[in-house]
2 protein chains.
Amino acid sequence: MWNVDEILDKLKTRGYKLTGQRKAIVERLCGRKDHPTAEQLYKELKKDYPTISFATIYSTVQLLEEMGYLQILTIDEKKTHFDPTWAAHAHFFCQKCGRLEDIEMEQEEVDKLKNLSEYRTQSLQVYLYGLCPECNNR
Amino acid sequence: MWNVDEILDKLKTRGYKLTGQRKAIVERLCGRKDHPTAEQLYKELKKDYPTISFATIYSTVQLLEEMGYLQILTIDEKKTHFDPTWAAHAHFFCQKCGRLEDIEMEQEEVDKLKNLSEYRTQSLQVYLYGLCPECNNR
DNA sequence: GTACCTGCAAACAATTTGCACTAAG
DNA sequence: CTTAGTGCAAATTGTTTGCAGGTAC
């Protein structure tokens, strides 16, 4: 699990400016277990930064992805979700309600999948689709 | 591998009309190894159906997905790709040129992944991201 | 002081939708 | 004949972009 200071340090090291917005975004993402969308982040951050914009959110999130601190999930066809968890894992997406859950996966399994291609794999996603128990029972 | 007639039969059985457009779309998808986008399909189909529309393509493709004959891939953040191959396999996406390739995967492996969740998994995608050899060498 | 960053609004692009017309059965 | 399907154009929506002003360093 990465921590806020580590990321801010690395940002600085790479020559990026430590703006209040970037700090706020990193802090808000760090350690959380859900997978917020840009919209969700925007609403949450508005409390601290009433003027924050999608432009800033998207650009910061892309920065964090390039640095390997988060993954941008395309499991939901409608919008991207951000996943700040570093540990190797798969995702389950409920096709009815949109619920998005982490699923544990062994590192060994992940490595095996990454090596499926003869090309060098930089990142990997395993997406499972179905109905969550609640949606299945009605 | 499914064939054109099987699909058309099943469409009829389910009460859908066998329009020329649907036949053309099914024929064009059946057996192909690449992963066309809506745009690509549209261009190709225009030769036979100069008036064909995106509305028809999207609706037919959704129908085929519901019937389990193709998968709609979200590996490319920008647009969806259609995959008419039924056999279990993963996908590799080149982050630079957008090349999208099939990767073989054993059925055993697929089943294992599908069972990672306690919920019933209806479908599964394994996406590998990286650079293809060509993009890697320049 | 000077890049770089931010916020705003406009632009973009893939997909969806409403509706009048057409054609399958 | 009836109803589902089609094509068109407009609408929608998540994301990106251009640019003027602001801020980190």
Side-chain angles (χ1 to χ4, degrees), chain A residues 7-26 28 35-67 70-82 93 98 100, chain B residues 7-26 28 35-67 70-82 95 98 100:
Chain A
I7 298 180
L8 297 181
D9 274 358
K10 189 161 273 175
L11 275 171
K12 204 175 211 169
T13 304
R14 295 205 184 179
Y16 295 110
K17 291 185 177 167
L18 288 192
T19 64
Q21 292 88 332
R22 283 184 176 154
K23 284 183 203 165
I25 293 172
V26 170
R28 195 136 269 283
H35 311 88
T37 60
E39 177 81 36
Q40 277 169 45
L41 265 189
Y42 177 74
K43 281 184 188 156
E44 293 176 14
L45 288 160
K46 265 213 136 172
K47 291 164 194 161
D48 297 319
Y49 276 91
T51 64
I52 204 161
S53 67
F54 280 100
T56 301
I57 291 175
Y58 280 113
S59 94
T60 301
V61 160
Q62 277 169 20
L63 200 53
L64 293 173
E65 191 199 29
E66 282 164 34
M67 298 186 5
L70 70 66
Q71 298 185 312
I72 298 178
L73 307 180
T74 59
I75 193 170
D76 178 351
E77 211 179 310
K78 299 295 175 191
K79 53 191 113 134
T80 54
H81 291 252
F82 310 133
F93 184 72
L100 181 45
Chain B
I7 298 180
L8 297 181
D9 274 359
K10 189 160 271 175
L11 275 171
K12 205 176 212 167
T13 304
R14 295 206 183 177
Y16 295 111
K17 292 183 178 171
L18 288 192
T19 64
Q21 292 87 332
R22 283 184 176 156
K23 284 183 203 165
I25 292 171
V26 170
R28 196 136 269 282
H35 310 87
T37 60
E39 177 83 33
Q40 277 169 45
L41 264 189
Y42 177 76
K43 281 185 189 156
E44 293 175 15
L45 287 159
K46 266 215 137 170
K47 292 165 193 161
D48 298 319
Y49 276 90
T51 65
I52 204 162
S53 68
F54 279 101
T56 301
I57 291 174
Y58 280 113
S59 96
T60 301
V61 160
Q62 276 170 19
L63 200 52
L64 293 173
E65 192 199 28
E66 281 164 34
M67 300 186 4
L70 70 65
Q71 298 185 312
I72 298 177
L73 308 180
T74 59
I75 194 170
D76 178 352
E77 209 179 313
K78 298 294 175 191
K79 52 193 123 164
T80 55
H81 292 252
F82 310 132
Q95 290 167 313
L100 180 45

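Note that the coordinates shown come from a computational prediction; the quantities given were computed from them, not determined experimentally. Throughout, a chain's letter reflects where its sequence line sits, starting with A, and its residues are numbered from 1.
- Of all non-hydrogen atoms in A/A38 and A/I57, the two that sit nearest each other are O-CD1, 4.2 Å.
- Taking CG of B/L41 as the reference point, atom NZ of B/K43 lies at 11.5 Å (rounded to 0.5 Å).
- Here the CD1 atom belonging to B/I72 is positioned 3.5 Å from the CD atom belonging to B/E65, to the nearest 0.5 angstrom.
- One atom, CD1 of B/I72, and another, P of C/dT15, lie 9 Å apart when rounded to the nearest Å.
- Interatomic distance, CG of A/D48 versus CD1 of A/I25, reported as 11.0 Å (0.5 Å rounding).
- Near DNA chain D, meaning a heavy atom under 4.0 Å from it, residues 8-21 of chain B has B/Y16, B/K17, B/T19, B/Q21 in order of number.
- Contact annotation for B/T37: no contact, since no heavy-atom pair falls under 4.0 Å across all strands.
- Each of B/E77 and B/I52 lies near DNA chain D, and the nucleotide nearest B/I52 is the one positioned closer to the 5' end.
- Residue B/L8 comes nearest to B/L18 through the heavy atom pair O-CD2, 3.6 Å, listed as atom of the first residue, atom of the second, then distance.
- A straight line from NZ of A/K23 to P of C/dT6 spans 12 Å, rounded to a whole angstrom.
- Taking the 5' to 3' direction, DNA chain D first and last meets chain A under 4.0 angstrom from a heavy atom at D/dG14 to D/dC25.
- One distance of note links CG of B/D76 with OG1 of B/T37; it measures 9.0 Å at 0.5 Å rounding.
- In this structure, B/Y49 places its OH atom 16 Å from P of C/dT22, rounding to the nearest Å.
- Salt bridge present: A/E44 and A/R28 bring a charged side-chain N and a carboxylate O closer than 4.0 Å.
- Using modelled atom types and a 3.5 Å distance limit, the side chains of A/T56 and A/S53 yield a donor-acceptor pair.
- Counted by atom type alone, A/Y42 and A/K46 present one or more donor-acceptor pairs between their side chains at under 3.5 Å.
- With rounding to whole Å, B/Y42 atom OH is found 14 Å from C/dT15 atom P.
- Checking the phosphate oxygens (OP1, OP2) of C/dG7, a side-chain nitrogen or oxygen of A/T51 falls inside 4.0 Å.
- Within the 4.0 Å cut-off from OP1 or OP2 of C/dT15, at least one side-chain nitrogen or oxygen of B/T80 is found.
- Using a distance-only test at 3.5 Å, with no hydrogens or angles considered, a donor-acceptor pair links the side chain of B/T74 to the main chain of A/T74.
- In the helix from C/dG1-D/dC25 to C/dG25-D/dC1, the terminal helix axes, each the rotation mapping four pairs' C1' atoms onto the next four within five end pairs, subtend 40°, rounded to 10°.
- B/K79 has its NZ atom 9 Å from the P atom of C/dT15, to the nearest Å.
- Taking for each of B/F82 and A/L63 the nucleotide of DNA chain C with the nearest heavy atom, the 5'-most of the two is the partner of A/L63.
- Residue A/F54 contributes atom CZ, which lies 13 Å from atom C1' of C/dA9 at whole-angstrom precision.
- Within the model, atoms OG1 of B/T80 and NE2 of B/H35 stand 13.0 Å from one another, a figure rounded to the nearest 0.5 Å.
- The distance from atom CD of A/Q40 to atom NZ of A/K79, rounded to the nearest 0.5 Å, is 8.0 Å.
- The CD atom of A/Q62 sits 14 Å away from the C1' atom of C/dC5 (whole-angstrom rounding).
- Computed from coordinates, the A/I57 CD1 to C/dG7 P distance equals 9 Å when rounded to whole Å.
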